[in-house]
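Report on one structure; see the data block that follows.
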Amino acid sequence: MRNKFLTIGLLFILIFSSTVTSSEILSEGEENDDAFPNIDEQILQSTGDSGSTSFGLLRALFEKFLDFRFRIGTAMMGTRYFNFQLFEPVSVRSYPEAVDIEYLNETTIEIGAKNPENPDEWRLLLNTINGYDWGWIYNSVSFRFELLLPENISQDALTYRFDPEIVSISPNTKNLDWKGIDEVLKTNLTLELKPSGDSTNPTQDMILKVKVIRIDVSNPRNMRFAPEFANFRNLPKNKDKLNIWSAGFRLQWNTFMGFYFMLLNSGLPDIDEKVDSIVNILVRIKKDHFAELIPPKPIDIHPNEVLSIPVEVKNLGSHIDTFNFRVNVSDDSLKVGQPSALTMEPGETRNAYVTVSAPPVLYDQGKTTSIVIEVFSIDNPELIFSNKIVLTTQGVYVSGGYAYYLMLAGIILLILIALIIVPMRKRRVKICVKPQKPWEIPEEKEYLKKLKDKKEYNKVFNMMNEEYQSALLWYKHYRKEMLAKYHKKISLREFSKQAIKKITSFFKMPKKIMKKKDIKKSLIKLKPEVKKVPKPKEIPSAKTAEIEQKAMIDINAQQEKLRREKLLLKIKRKQEKQRRKFKQSI
Amino acid sequence: MNKKKSLVKTVVTLTLFFVLFTILAPLSTANPMDRLYRCEPEFLITWDEEDVNEPISPYSAPTNIPIKIQVKIRGVLQHIVSPGYAINDFYVRLYIDEAPEWCKVTVNPPLISIPVNQDWELANATLFITLDKDSPAFETSKIKIRITTQRMGGSATIIPAGNKTLEIPFTVGYVPLLAINELEGNHKVINPDDTANFPIELINLGNGKTDIKTDISSVPKGWQVKTISEISLGVKYLGDNYKKTLNLAIKPPYDFGYHEDREVIEISITPYSNKYSNISGESYVLSFVVHSKGFSTPGFEGILVIFSIIVVLFIVKKHKLRNNKRNQSSKRGDD
């Protein structure tokens, strides 16, 4: 009875546990994550919390049973729980994961798989095909690398090469001397970015994708029988390279496993090509700083001139760049202002203005200087691009200010001179009028014209000339004498007083002129004023009064004499004219 | 008694059959007990919040965000499955599921092998993020990463395929960047009564709305410099009025006399964020040379002109009067 009870109890536990737990698990999902602890706890509670030794024993027994059952389920290939994975997926990645690439500079990236046991080593291709134990099922296994460029960039912008482009291993079933046995799953990807003003060239960071394509060449018939290097004769010497192969396993393989495996893989193509993995490489386009400076043609600059010279700057770099300038000039006298910083898009051209100021020299005979303009990116001031502006300084410079004030002074001086000279000339005229050339007197001129005989003409002309020379000599002598007397009697102070009086009288005039009736009066008044100039009345010195009086008498006498001479000369001329007329009439 | 014995024998035989069946069942046939072994993969993914708190700016070096990935199995019989599957590894694949188009992001390594265990097993991965120049400033965005593991088991699934996504938030930084064009150069020769106008084109090359503040560093004595002190520029990628022209007006001194003044006027232009005025870029200093050359009149020059005309007329009149007087005197002399 007791055995019966035990048997029924055991059956109940087995059936109950399997049905209840499986029904609970049926409702599992992402949402019911908490279901597991409940079941677990339920079981644990139902077994442990009872405190019953018999139940604990049962639980232990049950767990032992389940454990044993699971071990059976995972014991060999083909069982329900056996996790069969012929090849481990290989983690192919790039080293480094993110790279900076620079224009014209080659950048090499290592792409491959590292040995999981030793990260410093690259993984052998042999390991990717599960070593000698399973690799023999292939004729060859290759890994090919392909680069996928982003769609938004020019396909010519980037040049690349894989070294090697393909890695392969060629196993055989005869021996362990396989071709490519030392090959590792690794390649070097070399990238080079071309400089260009093309806007489709990459300036932004991008993700390059490298496709790792696995090409398996195999023949399922090869799998039917175990490899020869795993036979019982070869086993001892290959023992360190073979892990699973034993005489028993070989027998098992050759008996049914090989056949099963052959059938399993019979649907596979002889050449199987598939993408094993895709490696993403974050490529950061390193700022390439490159600027081209195009200076203008040689320029002439005049003294004191300021020029703003445009210099074309082209950003041939990879990114938006801010360029700063530095200017050097060999001629210290030139003042040069550097252009302001420029921010430009790649391929963009702009003008930078160099301000040059020439020194204010009066005359520069000509000198050629060069201004060295340097441009550099603010991100990399050590990389300098330069060019020269050729400048010729030449010309004359007169400061506008100086010229203006000089002109003003000149005008004032001219006015002053005019104010001094004009009265002086007037006075001289009053003292004595320069004798007129007789041959320029219209009547005389006419008479000379009428003389056709050359001798007669010369005779008359010489006579006139002699007459003129004589009158001129007299005039010079008389003027000299008169001026000497005048200069003696008039001092500078007196002269200046007179000059001032003249000027003031000049400006007082208009009031009188305005009255038409007074014109005559004013003219009469003006007459004595003009005469007054040479009069020595205003000379203050008392000692010289007597001498002055005598001089005045002399001047009057001289004037009278002059008047008489003039009259005589006039009478003479008239007589001469009459004589000529008389001769002509005869 | 014999009946009892035969019954016991039958039960024992049946039990043995049943036990044998349940034991041998995993070898071939399906069994409800398979589900008892089923364990779910669990993921715990963490990253340092400080790594994503700092805004990520365009043009900067890639931002690395280390991620810790922990995996374990969870099930009724995890303690049985875990050692049973100890020789197996989870192959955790990491994908970028979603990311803004202006964001370049990769995760490395893309494949991690983690041992199957009922306790947390840790692996590390790194997220590399860079942003395009047109990334919208101050915008908070997310990168969605998907993590998957392969199914494990034979014909019966013991550990189903795992799938988990996580979202990593980040903020875009602001880059104040200006392009400045001196449209009419930086040098002008003017008359003292003229004003030198320098149009300056400002282009916002940054990734956010930008305010421009101008500052005239030093104004020479007697000179007047005027410009707009503040301008707001839109964003280029939005086509939002990102280009404006600023006019700098420089007026030289205008006092009586001849002038030949030459001065360098410096103006600094600083970009600021429109959203947060405390974020500013570097100042751009521009120099302008103005050469004021010429004569400046006192203002009452019209009166002077009238006066000089009167003087000239007066002189002419006087001259005529003198001539008349001379003629009269010469007539008298003749008489």
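Throughout, protein chains are lettered first and strands after them, A, B, ... in sequence-line order, and every chain is numbered starting at 1.
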Could you check whether any side-chain heavy atom of H187(B) comes within less than 4.5 Å of a side-chain heavy atom of V306(A), counting everything from C-beta outward?
yes
Part of E282(B) within contact of chain A (heavy atom distance under 4.5 Å)
neither
Which portion of E348(A) sits near chain B, non-hydrogen atoms under 4.5 angstrom:
neither
Please check: side-chain N/O of T343(A) versus main-chain N/O of A179(B), any donor-acceptor pairing under 3.5 Å?
no
Considering only heavy atoms and a distance below 4.5 Å, find which of P89(A), A98(A), A341(A) pairs most often with chain B.
P89(A)
P83(B), A156(B), G294(B), P58(B): which one forms the most heavy-atom pairs within less than 4.5 Å of chain A?
A156(B)
Heavy-atom cut-off 4.5 Å, strictly under: side chain, backbone, both or neither for V92(A) against chain B?
backbone
Counting only non-hydrogen atoms closer than 4.5 Å, does R71(A) touch chain B with its backbone (N, CA, C, O), its side chain (CB onward), both, or neither?
neither
Counting only non-hydrogen atoms closer than 4.5 Å, does L342(A) touch chain B with its backbone (N, CA, C, O), its side chain (CB onward), both, or neither?
side chain
Check whether any side-chain N or O of N207(B) sits under 3.5 Å from a backbone N or O of D134(B) as a donor-acceptor pair, and report yes or no.
no
Pick one: which of P310(A), S308(A), P339(A) meets side-chain contact (heavy atoms from CB on, under 4.5 Å) with N351(A)?
P310(A)
Check: V90(A) and S277(A) side chains under 4.5 Å, non-hydrogen atoms:
no
Side chain, backbone, both or neither of Y91(B) within contact of chain A (heavy atoms, under 4.5 Å):
side chain
Looking at V285(B), N181(B), V289(B), V264(B), which one has more heavy-atom pairs under 4.5 Å with chain A than the rest?
N181(B)
With only heavy atoms counted, which part of T322(A) is less than 4.5 Å from chain B, the side chain, the backbone, both or neither?
side chain
How about S340(A) and E182(B): does a side-chain donor come under 3.5 Å of a side-chain acceptor?
yes
For chain B, the option from R284(A), E345(A), R93(A), E97(A) that forms the most heavy-atom pairs under 4.5 Å
R284(A)
Have N83(A) and N88(B) got a donor and an acceptor in their side chains that come within less than 3.5 Å?
yes
Applying a strict 4.5 Å limit to non-hydrogen atoms, the region of I203(B) in contact with chain A is side chain
Max heavy-atom pairs within cutoff under 4.5 Å with chain B, candidates L307(A), L66(A), I281(A), T355(A), goes to L66(A)
Interface moiety of R151(B) toward chain A, non-hydrogen atoms closer than 4.5 Å:
backbone
Would you give me the side-chain donor-acceptor pairs under 3.5 Å for residues 103-113 of chain B, sequence neighbours excluded?
{"unit_1": "K104(B)", "atom_1": "NZ", "unit_2": "D132(B)", "atom_2": "OD1", "d": "3.4"}
{"unit_1": "K104(B)", "atom_1": "NZ", "unit_2": "D132(B)", "atom_2": "OD2", "d": "3.2"}

Using a 4.5 Å cut-off on heavy atoms from C-beta on, say whether the side chain of V81(B) contacts that of F70(A).
yes
For R262(B), all residues meeting salt bridge (charged side-chain N to carboxylate O under 4.0 Å, His left out), sequence neighbours excluded
none
Could you walk me through whether V76(B) and Y37(B) pass side chain to side chain contact (heavy atoms under 4.5 Å, CB included), step by step?
CA-CA 7 Å; V76(B) 179; Y37(B) 297 103; over 6 Å; no
N186(B), L177(B), L286(B): which one forms the most heavy-atom pairs within less than 4.5 Å of chain A?
N186(B)
At a heavy-atom separation under 4.5 Å, does S60(B) approach chain A through its side chain, its backbone, both, or neither?
backbone
Side chain from CB out, backbone as N, CA, C, O: work out which of these in N304(A) comes under 4.5 Å of a heavy atom of chain B, or both, or neither.
both
